[in-house]
Structures are given as C-alpha cells and as structure tokens.
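Sharing a structure here in structure tokens format.
Because only heavy atoms are used, hydrogens play no part in the values below, and waters and symmetry mates are left out as well, while side chains stay in. We're numbering straight along the sequence, starting at 1.
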Amino acid sequence: LELGGGSGYICKLLCKKYGCKGTVVDNNRKAYEIFRKVVGDGELRYVLTNIFDYKEGEYDLVFSDGLIEHFRSDGRRKLVMLHKKFAKKGGFVMFFAPKKSWFVERFMSMKDGYEEKMNVKQLINETSLPGLKLVSTTKDFHMVGALYRVK
C-alpha cells in the first residue's frame, strides 16, 4: 500500500520487482490521470480518495515517498499511525522524505505549500511509534528513509 502515491510509479516498480500486487491511495486527480496513461492498471489498483478516508485491508508493506514532510506535527503523527494501522503484524512500514541539505533546499524544493526537509535522526523521531521496530535507515543525495517492522 502506498499512501499519497501520486502517479503510482514507485509502487509499480516495487510490484514489478517483487511480483506482487499493490494499491495506491491519493486524492490528486491529475496524478490519477497520469497513472491511467503511464502506469496503467494490471497489478496496481488506484483508489482516488483522501488517505485518511481510506479504510480497506491489511498489507505486508505500507509506505509513502515524499508525503510526511507536508504535514505538521499533529497531522504527521496521524499519518504515521495510519501507516501502522494498515500494516500486518510482522509486516513493514517505510517512510521517505527529502533530505535536509543545501542541495535539496536550493534545487529540489516545492515552490508552494508546506514542506519540511529532514535528516535521518529527525525522520526516526517523527516516525517512531510503540509497536514499530526500526529495521534500517538510508540516505542518498536527496532523500532519507526509515524502515520499520510491525511487532
């Protein structure tokens, strides 16, 4: 399950690599149109709704890429709990956010809307919940990520 998945491209890549089916939940109609043209259906289902209104299923992996940084503290906590809610026991929850760096601030920032860049430590602080065990973290030139197992 990808929450706030935009066009669904990342979920599609994961499904293709691991031979699984996926669900993308997003309320952006333009992103949905891109999904229909570029990604298509097949092993991917797109649910055009607000992520907080979505109610279906349990998943082996629940993730978001470039979503958490758009929420302030209360909304961010709700978002993290939503990820955990949809993950099966023993499953995984994964978060990616833009890296707090000069390069990202200068060249990869949103022009409109709220967006908070993070370092790995902040991402862990923002996404840690009881019942989630940190498995690993990652970072590259523009993103940081955290992977948890659901206890």
* To do: Please indicate whether K139 has more than 12 foreign heavy atoms, meaning atoms of other residues, nucleotides or ligands, lying under 6.0 Å from its NZ.
  => no

* Check: E126 side chain, I124 main-chain N or O, donor-acceptor pair, under 3.5 Å -> no

* Asked: Out of curiosity, does L3 fall in the hydrophobic cluster containing V150 (side-chain heavy atoms, cut-off under 4.5 Å, transitive links)?
  -> yes

* Could you tell me the separation between the OG atom of S128 and the NZ atom of K133, rounded to the nearest 0.5 Å? => 12.0 Å

* Asked: Should K99 and H142 count as side-chain neighbours, where that means a heavy-atom distance under 4.5 Å?
  -> no

* Asked: Just by modelled atom types, is the L79 backbone N or O under 3.5 Å from a matching donor or acceptor in the K84 side chain?
  -> no

* Asked: Would I34 and V39 count as a side-chain contact (heavy atoms from CB on, under 4.5 Å) if you check the C-alpha gap in whole Å, the side-chain angles of each, and the deciding distance to 0.1 Å?
  -> CA-CA 7 Å; I34 293 169; V39 176; 6.0 Å; no

* Asked: Heavy atoms, side chains only, cut-off 4.5 Å: are F86 and V93 in contact?
  -> no

* Asked: Where do N27 and L48 come nearest, in terms of heavy atoms and distance?
  -> C-CD1, 3.9 Å

* **Closest non-hydrogen atom pair, M118 against A97** => SD-CB, 4.2 Å

* **Close aromatic pair by centroid cut-off 6.0 Å: F95 and F63** => no

* **Any side-chain heavy-atom pair of H83 and S64 under 4.5 Å** => yes

* Asked: Looking only at heavy atoms, which two atoms of C11 and G22 are closest? And how far apart?
  -> SG-CA, 4.1 Å

* Asked: Cation-pi between K78 and F52: NZ/CZ under 6.0 Å from ring centre and within 45° of the ring axis?
  -> yes

* **Expected output: side-chain N119 to main-chain K100 donor-acceptor under 3.5 Å** => no

* Asked: Would you call the rings of Y59 and Y54 parallel, tilted or perpendicular if under 30° counts as parallel and over 60° as perpendicular?
  -> tilted

* Asked: Just wondering, more than 12 heavy atoms not from N125 lying within 6.0 Å of its CG?
  -> yes

* To do: Show the numbers, then the answer: is there a side-chain contact (heavy atoms from CB on, under 4.5 Å) between V24 and L44?
  => CA-CA 7 Å; V24 176; L44 216 56; 4.1 Å; yes

* To do: Indicate if V62 and V144 have the same hydrophobic cluster label, given that clusters are the connected sets of ILVMFWY residues with side-chain heavy-atom separations under 4.5 angstrom.
  => yes

* Structure fact -> For E69 and R76 the tightest heavy-atom approach is O-NH2, 3.9 Å

* To do: Please assess F92 against Y148 for the test ring-ring contact (aromatic ring centres under 6.0 Å, His included), listing each intermediate value before the final yes or no.
  => CA-CA 6 Å; F92 295 92; Y148 295 89; over 10 Å; no

* Go through the steps for V80 and I68 under the test side-chain contact (heavy atoms from CB on, under 4.5 Å), then give the verdict. => CA-CA 8 Å; V80 173; I68 192 169; 3.9 Å; yes

* Answer whether the closest heavy-atom distance between the side chains of K85 and E58 falls below 4.5 Å. => no

* To do: Begin from the C-alpha positions of K151 and L132 and carry the test side-chain contact (heavy atoms from CB on, under 4.5 Å) through to its verdict.
  => CA-CA 6 Å; K151 297 185 213 175; L132 293 180; over 6 Å; no

* Asked: Would a 4.5 Å heavy-atom cut-off, applied to side chains only, mark L61 and L1 as touching?
  -> no

* To do: Would you check if L134 and R149 make a side-chain contact, meaning some heavy-atom pair closer than 4.5 Å?
  => no

* Asked: Okay, side chain of R45, backbone of T23: is any donor-acceptor separation there less than 3.5 Å?
  -> no

